[in-house]
Amino acid sequence: MFKFLVKKTAGWVAMIVIAVNLTYFLANAFLDPRSNYEGRRPPIPEERVDAILDPLNLNDKQPIFQRWWNWITDIVLHWNWGASPIGDSVNDQISYRIWVSAQLLLLATIISVVLGVGIGVYTASRQYKTGDRIFQTLSILTMNIHIVVASIGVVWAAIEINKAAGTNIFFVTGASSTGVTGFFPRLIDTAQHLVLPTISLVIISYAGYHFMQRSILLDNIDADYVRTARAKGLTRQQAIRRHALRTSIIPVATSVAFSIPGIFTGAIMTEAIFGWQGMGQYFIQTITKNDIHGTVAFAAFGALMTAVGALLSDIFVVILDPRVRVN
């Protein structure tokens, strides 16, 4: 197992290094930090723009390979991913926004997986019965709801609840309130901000896990090993829980592992609707502001999370599937 993980990790590291360096050259080809200073009134002299971009290693008048060498050297020696065209540290921006996005999406992902898998197991074991049909109808409806529509509905309900209660039980925008001190007050404040976007994300995402788990479990319920287990005295529900579920949950587990990049790279629409300054919003800002270093750092982090998801997927398969063996 250890050798297997080392080999896989080495392969992913090589691919990440190649992809990140390629992204750097592509970002330099398509993004122009100098354009941020064009069209201003009064106009900024070109010499002044050069003086701003030179210390940031963003001056396009310098050879591209010289800028690349300065950039890669700073990363290797100091883990410094550079600065934006206005001088903001990319390291500071990403280190803050990662946890904002994770806080928003991690809980929603966990709830969606638990809810989706639970409903999938329930409906598969009661195929075509009333409960199965009701949950299938609900999941089909939620699966076709756009995040904007779900968010508007959730926000409207929260506003009505706040009006009825005469106080702000739920907050619509932002990740936290200013001036809140103390552990428990801050915990409550965070929960009040987190509830609405979490509900919106769960509404649109749980159905995928529901249908995946239901479909795969139905394929395994009548398998030979399940029938053998029932012949040995297990009830239908016991055979499903102890045998069919373990095999059928493997694709769901791998799907969850590959959702990790989305957890830490943010949800652009959700963050915009609820005013969370996460990685999704940061990615849009790096593009619109011609932030080469920020764009490359975002791509590098996304590639890293993809590698982590792929490795976790392999680990899940090895743990859950007794037929898989690695040396």
Side-chain angles (χ1 to χ4, degrees), residues 1-31 64-65 67-82 89-106 108-110 112-113 205 208-209 212 249-268 278-280 282-283 286-287 291-327:
M1 182 68 169
F2 179 75
K3 290 182 179 180
F4 169 78
L5 290 177
V6 170
K7 185 185 297 184
K8 284 281 188 178
T9 302
W12 275 105
V13 168
M15 284 189 283
I16 290 172
V17 170
I18 294 171
V20 169
N21 282 277
L22 180 60
T23 302
Y24 180 83
F25 288 103
L26 290 174
N28 274 276
F30 291 99
L31 300 179
I64 179 64
F65 285 102
R67 281 179 279 147
W68 168 79
W69 179 253
N70 293 336
W71 170 78
I72 196 68
T73 301
D74 218 13
I75 292 175
V76 173
L77 297 181
H78 307 291
W79 196 246
N80 179 15
W81 286 80
S89 169
V90 172
N91 289 40
D92 292 343
Q93 288 290 326
I94 287 186
S95 62
Y96 166 74
R97 292 170 183 271
I98 284 172
W99 300 115
V100 172
S101 291
Q103 182 181 354
L104 175 63
L105 290 163
L106 185 59
T109 300
I110 293 173
S112 296
V113 172
S205 59
Y209 296 109
M212 182 188 299
I249 206 170
I250 294 173
V252 179
T254 57
S255 176
V256 172
F258 278 107
S259 71
I260 289 177
I263 294 174
F264 289 96
T265 54
I268 295 173
M279 289 290 284
Y282 180 64
F283 176 65
T286 60
I287 299 297
D291 185 354
I292 293 173
H293 295 153
T295 301
V296 177
F298 181 91
F301 182 73
L304 175 62
M305 291 298 100
T306 301
V308 171
L311 291 172
L312 286 177
S313 174
D314 291 334
I315 293 172
F316 289 158
V317 170
V318 172
I319 293 174
L320 295 172
D321 194 342
R323 298 167 296 180
V324 176
R325 293 290 181 268
V326 293
N327 298 319

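Quantities reported herein were computed from a predicted structural model and do not represent experimental measurements.
- Contact between T23 and A19 at its shortest, heavy atoms only, is OG1-O, 2.7 Å.
- Taking each heavy atom of A297 and V90 in turn, the nearest pair found is CB-CG1, 3.5 Å.
- Applying the 6.0 Å contact sphere to CZ of F25 captures more than 12 heavy atoms from other residues, nucleotides or ligands.
- Two residues are said to be in side-chain contact when any heavy atoms from C-beta on lie closer than 4.5 Å; I64 and Y24 meet this criterion.
- Checked by atom type and distance alone, the side chain of S313 never pairs as donor or acceptor with a backbone atom of G309 at under 3.5 Å.
- Ring geometry for W71 against W81 counts as perpendicular: the plane angle is over 60°, on a 0 to 90° scale with 30° as the lower cut.
- A distance-only check finds no donor-acceptor pair linking the side chain of T73 to the backbone of N70 [under 3.5 Å].
- Heavy-atom minimum distance, S101 versus G280: OG-N, 4.2 Å.
- For the pair L31/D291, no side-chain contact is recorded, criterion being any heavy-atom separation below 4.5 Å from C-beta on.
- Rounding to the nearest 0.5 Å places CD1 of I260 at 9.5 Å from OG1 of T109.
- Applying the side chain to side chain donor-acceptor pair (under 3.5 Å) criterion to W68, with sequence neighbours excluded, gives N21.
- Here T254 contributes atom OG1 and M212 contributes atom CE; the two are 7.0 Å apart, rounded to the nearest 0.5 Å.
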_For a side chain to side chain contact (heavy atoms under 4.5 Å, CB included) check, start with the C-alpha distance between I94 and M279, then their side-chain angles and the critical distance, and finish with the verdict._
CA-CA 7 Å; I94 287 186; M279 289 290 284; 4.2 Å; yes
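- Closest of all the heavy-atom pairs between F283 and I268 is CD2-CD1, 4.4 Å.
- The two residues V296 and A27 have their closest heavy-atom pair at CG2-CB, 4.0 Å.
- No donor-acceptor pair under 3.5 Å is formed between the side chain of D74 and the backbone N or O of G82.
- Scanning both residues, A310 and W12, for their nearest heavy atoms gives CB-CZ2, 3.3 Å.
- With S255 contributing its side chain and P251 its backbone, the two residues share no donor-acceptor pair below 3.5 Å.
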